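Inspection log for the structure reproduced underneath, given as structure tokens.
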Number of protein chains: 2
Amino acid sequence: MTRHYNFCAGPAALPTAVLERASREILDYQGRGLSVMEMSHRSSEFIAIAERAEADLRALLAIPANYRVLFLQGGASLQFAMLPLNLLGKGGSANFIQTGIWGKKALTEARHLGFECVVAASSEANGHIEVPPQSTLTPSADAAYLHYTSNETIGGLAFDYVPKVDAPLVCDMSSDILSKPIDVSDYGVIYAGAQKNIGPAGLTLVIVREDLLDQAVTPSPTLFNYRQLAEAGSMVNTPPTYAWYLAGLVFQWLQEEVGGLEAMREINQRKAQKLYAAIDSSDFYSNPIAVRSRSLMNVPFVLADEALDAAFLREADAAGLLNLKGHRSVGGMRASLYNAVPEAAVDALIDFMADFEQRKG
Amino acid sequence: MTRHYNFCAGPAALPTAVLERASREILDYQGRGLSVMEMSHRSSEFIAIAERAEADLRALLAIPANYRVLFLQGGASLQFAMLPLNLLGKGGSANFIQTGIWGKKALTEARHLGFECVVAASSEANGHIEVPPQSTLTPSADAAYLHYTSNETIGGLAFDYVPKVDAPLVCDMSSDILSKPIDVSDYGVIYAGAQKNIGPAGLTLVIVREDLLDQAVTPSPTLFNYRQLAEAGSMVNTPPTYAWYLAGLVFQWLQEEVGGLEAMREINQRKAQKLYAAIDSSDFYSNPIAVRSRSLMNVPFVLADEALDAAFLREADAAGLLNLKGHRSVGGMRASLYNAVPEAAVDALIDFMADFEQRKG
């Protein structure tokens, strides 16, 4: 059994300790004679697992009591439809800050469904290399909410501030949730696909302030309705139980092994700073993002000679450094440094990059 | 490590051999140094897993080439909304045969979304103890499709025939798919939540005839659109990769260990017939369903004295016979005998029931 270093952008690395525990319990959960996968979602065993996961998440993020936590399906992309359908029932427009591909998808889906959409700010003019500063945000007077993407996974662009606007803030945190402490009370809705920092693909977290539960567009699909989902404890129908359980194990790992989100942030900052320093000190590797907007989670970089890309990826893979290929829309390389990617992985990558540069640069 | 007999209605028992293989591969899939959960859904490794799963499912069910197979999220309940939104864009009404709680939910959701719904037949008058015969079906002339539930999981009621109507047939096979051979060409759409006979909760299969891909209501959420999902190989966004992989292992188990769906049907018939025979030969246990409409998958039964229910469940659990409690809307007991429940489990249950009756009856 070998565990390589996995820099995949998502579905992404999970903590080895979490997978080891899952492996031990997969046939027989705590002597009950069955797998978590084989339990009724309404059984006392599973309810205990589900409630523990929510309690641990609430502790990690210090989620205030007036926020509900939903464990859903469909990925962040389904939220691109669910958000306007839950938040625009009393009128107003959806406002967006555009900083890359994922934010654009959120806007495109809201517009596709026929809602009025306003671009309150955009980094498109600079090629999405620097996040628009607070001073340039121009939400519309009728904004029912302002949506932004705290970390653009593909571009490697992250907000270095939390936007301050009158309308409720809605944030796609798919690729940086749980990477550092946040103040949940800054937000109306936080959502995230699980497959980066939470657990396996197939689970989506939504953290929603209670006063936003009752402004849904009608009629909408019952399973879209935040109020009904909240009242049913995310069990209007069968939830993705095994993914929920695994997310719970990740929350426990964050609390017990890492020591919470402040400790996680320090580790993540150290990992990213090392890699950016290695890139910046080289003439062979480069990253285009403005320093203040650089992502701690996704570090895209290009080689001075694109013709070496294939050799870089082949040799990295052979050295146990997996999934460094950049997104097909961007090219080059991308190292995703999510919570479960250990510091040793970054050290090994930096060593490999230096060696490769020396031989081929 | 103990494996008890699990009669849960869903999420339900999985084959022990499948969980054993998953356990062996969970940290390191075939020497690649990472878990299937940690792979990009667009990686060559995962694409191979996904394509193999679809090919094996196509072989098991002999799915014709003019049908697409979708691996989705949201459960059968999300299909209750997706079906009318995909099939009623060119007008017409949704027709339903009502034989229990799940079929009613499908109708209620279509009606909730504002679509014209017609009840083409119902067993409500007989208390859902016998499926309406073919001769009583009265679909409307404008039916865009006729929906039915081949096996009602809660009531324990199953169709003993495939309805013949002019409109495309849409079937919720959540609780009996893969339990026996079917002729897919009888159907326009077949769908099923995974958590009974396919794999873990969080995956939904949709098998749809190609000519039905282009009659969606617009605008609808992008992730609802069968055509777009089909063209993207179910990867418009990240699919539930681990559940897809596990479903693939179940398909392999069905083909290689069980010997295909004809062999599976024989085993399922034997299991159910044994249990119904034990119930029918007793004055202490009873099942209300008309013999021709009895489910092979879900066998509800009641004790002559309801006051003994708690003792029955407690003693059964202690004997390693898990999750026999009937659905909260019905009460009594229910033994679900899905594919992964071995014949030995049914034998053990029958022995326990006889012993309990002798002591308490």
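In the text below, chain A, chain B and the rest are named by the order of the sequence lines, each starting its count at 1. What you see is a predicted model, and the numbers here were worked out from it, not measured in a lab. Only this structure's heavy atoms are used, side chains among them; waters, hydrogens and symmetry mates stay out.
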Which atoms of [X] are under 4.5 Å from chain A, going by heavy atoms: the side chain, the backbone, both sets, or neither?
X	result
B:S43	neither
B:L246	side chain
B:A12	backbone

Segment of [X] engaging chain B (4.5 angstrom heavy-atom cut-off):
X	answer
A:L72	neither
A:F224	side chain
A:M37	both
A:A81	side chain
A:E25	neither
A:R24	neither

Gap between atom [atom2] of [Y] and atom [atom1] of [X] - 0.5 Å precision:
X	Y	atom1	atom2	result
B:N225	A:H112	CG	NE2	7.5 Å
B:F80	A:N237	CZ	CG	8.5 Å
B:T222	A:E109	OG1	CD	3.5 Å
B:R42	A:H327	CZ	NE2	7.0 Å
A:C8	B:L34	SG	CG	8.0 Å
B:Q195	A:T241	CD	OG1	8.0 Å

Tell me which of these, [options], has more heavy-atom pairs under 4.5 Å with chain B than the rest.
options	result
A:T238, A:L27, A:L223	A:L27
A:P219, A:G10, A:A9, A:A76	A:P219
A:S40, A:P200, A:G320	A:S40

_Distance-minimising heavy-atom pair for A:E38 and B:R3_ = OE1-NH1, 2.7 Å
